[in-house]
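Please read the structure below before turning to the comments.
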Amino acid sequence: MATNRLRHSTSPYLRQHADNPVHWHEWNDAALTEARDRDVPILLSVGYAACHWCHVMAHESFEDDATAAVMNENFVCIKVDREERPDLDAVYMNATVAATGQGGWPMTCFLTADGAPFYCGTYYPKVARGGMPSFTDLLNAITETWRTRRDDVARAAGAVVEELQRSSGGLPPGTRSVDAPLLDLAAAAVAADEDRAHGGFGGAPKFPPSALLEGLLRSHERSGSADTLAVVERTADAMARGGIHDRLAGGFARYSVDAAWVVPHFEKMLYDNALLLRVYAHLARITGRGASRRVAEDTAGFLLRDLGTAEGCFASALDADTAGVEGLTYVWTPAQLNEVLGPDDGAWAARLYEVTDAGTFEDGASVLQLRSDPDHAERAERVRARLYEARRSRPQPGRDGKAVTVWNAFAVTALAEAGAAFGRMDWIEAAATCARRLLDTHIVDGRLRRASLGGVVGVPVGVLEDHGALVTALLALYQATGDATWIDPARALADIALDRFADPQRPGSWFDTADDAETLVARPRDPIDGATPSGAALITEALLTLSAVVEDGGRYRDAADAALATAAVLLERAPRSAGHWLAVAEAAVRGPIQVAVVGGGELLEVARREAPGGSLVVGGEPGSSPLFADRPLVDGAPAAYVCRGFVCDRPVTSAADLLEALAVS
């Protein structure tokens, strides 16, 4: 007898659906075989644990016995966590966008037994509204078409698959070289798209442009452009002051539903907060602004406190909903402020945090903002602490506790870099603990897996972004600690990426899945940044850094240069979708800069504080790793060896001389 098969999944999202009356399968050969044997289409539902509209569709349809009966009778129903299976998500999201002009989650696709999509959409309501059919009406229409117009289904599926395979061919050839003029052109084009009124780029909904900001910071460090830095400062300040930034607990929500960063979509993702920690810490190093450092510190605190797992890694997300209500944990009315703080502090806090009788959210409630600095910092901190404690007594959002390799790697990199710059050994130690857990748990039989839950690794294999981000994370730890044992596992992962993900027919181009991964209707390949950097940009960053660490790094540098040459067309024509490419290209054009500090001390502190983003900064003793071969102390004193690519300066022994060496463009 058919049953729901999700109870033992390693995905919290799939477990959320384990009690549905729908006979859900995970994606596997058995499910595809059943569809073929029963001669019914596949109903593929893709979402993730923190998705608000995924929950809505689940409550309306998947928990409804009558709807489930229609699904079970006429379809093989497969539930996929997009965070565990980004390959499936990418293929069928491309099909959905091609069919409807837009995408999103929940994603609802109907497939033939061989996985070919013939009808795709997103959310469908239980009752028809807003021009959308009811979900049951759609199911009945699909069933009727399958039974009576099978030739039409086959033609539609064939056309979609043909388009998916065509669009996965990679980038068109470009004519520009990756050099300083191209990077200046890209930065200027991005700056021209800035929303000068509200900060950021584009209109509502507005997402944190983490990769773009990091790329622009590195561009400013090379060019000295005050205008480029101003774009970053305006965006960073607008996000930090808006409701997207959690004023009480730190961290950022996934996006703002408006253009002014006022009302967030309340889910809080690990990847956003890790990438933003890197940006705000970098901005603080450049400008010395205490506000940017405080945001970085608060974001690191949120990661460690609210997303830390018992195993030492980081959970994927906090839910958008609390007890089925979006934002319930986070919003306030003036009366609630008065109840917690009393009338004087309550009225003061309402003015400070923009809490009004009309409200900025729903039902007269407001999201906390901080549009201007408080006139009494101690009072503000006291009020914040009391509100935070009161909020902790409210119902709390659910947490997706799975540890995704790439997002944990982002956190490792950010904590290691920020910890080294700010002298926070506790952040570096947390990063090292997480990295060791990833290496111990997520590598099985020499190959990287995508995610784990409660220390139990899942079946889905790692994709390109997992490999690229983890290599960079391990090398960030090498830089933060001087411990050369991080190099070998980084190199092993990079070698697997080169052997398994690089396109042998198109040097510089990468597939997002390995050559021995499951065969889908198209092999996904997307070099464009989305909410996170593309896998191709991440592996290029990893290879570029690795090439400067090991003695025989030519293979890695050649591969990085080929990838950058391929991506030049993005920097030229679509720079807003190539933020991480810009960051990597800036590092490559400058060398990358390598600073090996023998003996540590003040020179190492200066290098970590002042070296441009993308530089390789390591402290150690003579001979402790390849970077310190034939690099002794100078007259018994610590010395810094500064190189750019394959050209090295003379060693320097004073902070002033090191600053002068780093200032050379």
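Every heavy atom of this structure was used, including side-chain atoms; hydrogens, water molecules and symmetry mates were not. Please read all numbers here as calculations on a predicted model, not as lab measurements.
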SB check Arg609 Glu605 (cutoff 4.0 Å): no
May I ask you to check whether Trp581 and Asp529 show a side-chain donor-acceptor distance below 3.5 Å? no
Okay, side chain of Arg506, backbone of Leu171: is any donor-acceptor separation there less than 3.5 Å? yes
Going by atom types only, do His580 and Ser534 share a side-chain donor-acceptor pair under 3.5 Å? no
Evaluate the ring planes of Phe207 and Tyr255, with Trp represented by its six-membered ring, and classify them as parallel (under 30°), tilted (30 to 60°) or perpendicular (over 60°). tilted
Inspect the surroundings of CG in Asp630 and state if more than 12 heavy atoms from other residues, nucleotides or ligands are less than 6.0 Å away. no
Any side-chain donor paired with an acceptor under 3.5 Å for His282 and Glu221? yes
With sequence neighbours excluded, tell me which residues meet salt bridge (Lys or Arg N to Asp or Glu O under 4.0 Å) with Arg437. none
One thing to verify: whether Arg218 and Glu214 come together as a salt bridge, which I'm taking to mean a side-chain N less than 4.0 angstrom from a carboxylate O. yes
Give a yes or no answer on whether the side chain of Thr299 reaches the backbone of Val295 with a donor-acceptor pair at less than 3.5 Å. yes
Please check this pair: side chain of Arg631 against backbone of Val598, looking for a donor-acceptor N/O pair closer than 3.5 Å. no
Looking at Asp503, Thr513, Asp512, which hits side-chain hydrogen bond (donor to acceptor under 3.5 Å, both in side chains) with Arg525? Asp503
Exam field: side chain Ser624 to backbone Gly620, donor-acceptor pair closer than 3.5 Å: no
Electrostatic pair Lys402-Glu84, nearest N-O below 4.0 angstrom: no
Would you call Asp552 and Arg557 a salt bridge, using N to O less than 4.0 angstrom? no
Think Lys268 forms a cation-pi with Phe252, using NZ or CZ under 6.0 Å from the six-ring centre and within 45 degrees of its axis? no
With distance as the sole test, does Arg285 use its side chain to make a donor-acceptor pair with the main-chain N or O of Ala611 at under 3.5 Å? yes
Asp466 bridged to Arg449 by N-O distance under 4.0 Å: no
Distance from Arg491 atom CZ to Leu475 atom CG, nearest 0.5 Å? 11.0 Å
Looking only at side-chain N and O atoms, does Tyr271 offer a donor or acceptor that is under 3.5 Å from a partner on Ser316? no
Going by an N to O cut-off under 4.0 Å, is there a salt bridge joining Asp319 and Arg399? no
Regarding Asp445 and Arg447, does a basic nitrogen lie under 4.0 Å from an acidic carboxylate oxygen? no
Nearest heavy-atom approach of Ala451 to Thr405 is N-OG1, 4.3 Å
For Ser177 and Asp179, which I'm curious about, is there any donor-acceptor pair between the side chains at under 3.5 Å? no
Measure from the side-chain N and O atoms of Ser615 to the backbone N and O of Pro612, and report whether any donor-acceptor pair falls under 3.5 Å. yes
Any residue meeting ring-ring contact (aromatic ring centres under 6.0 Å, His included) with Phe422, in chain and number order, not counting sequence neighbours: none
Are Arg450 and Glu465 close enough for a salt bridge, meaning some N to O gap below 4.0 Å? yes
Is any side-chain N of the basic residue among Arg424 and Glu429 closer than 4.0 Å to the acidic one's carboxylate O? no
Between Tyr280 and Arg293, is any side-chain donor less than 3.5 angstrom from a side-chain acceptor? no
Donor on one side chain, acceptor on other, Glu518 and Trp27, under 3.5 Å: yes
Ser167 side chain vs Leu164 backbone, donor-acceptor pair below 3.5 Å: yes
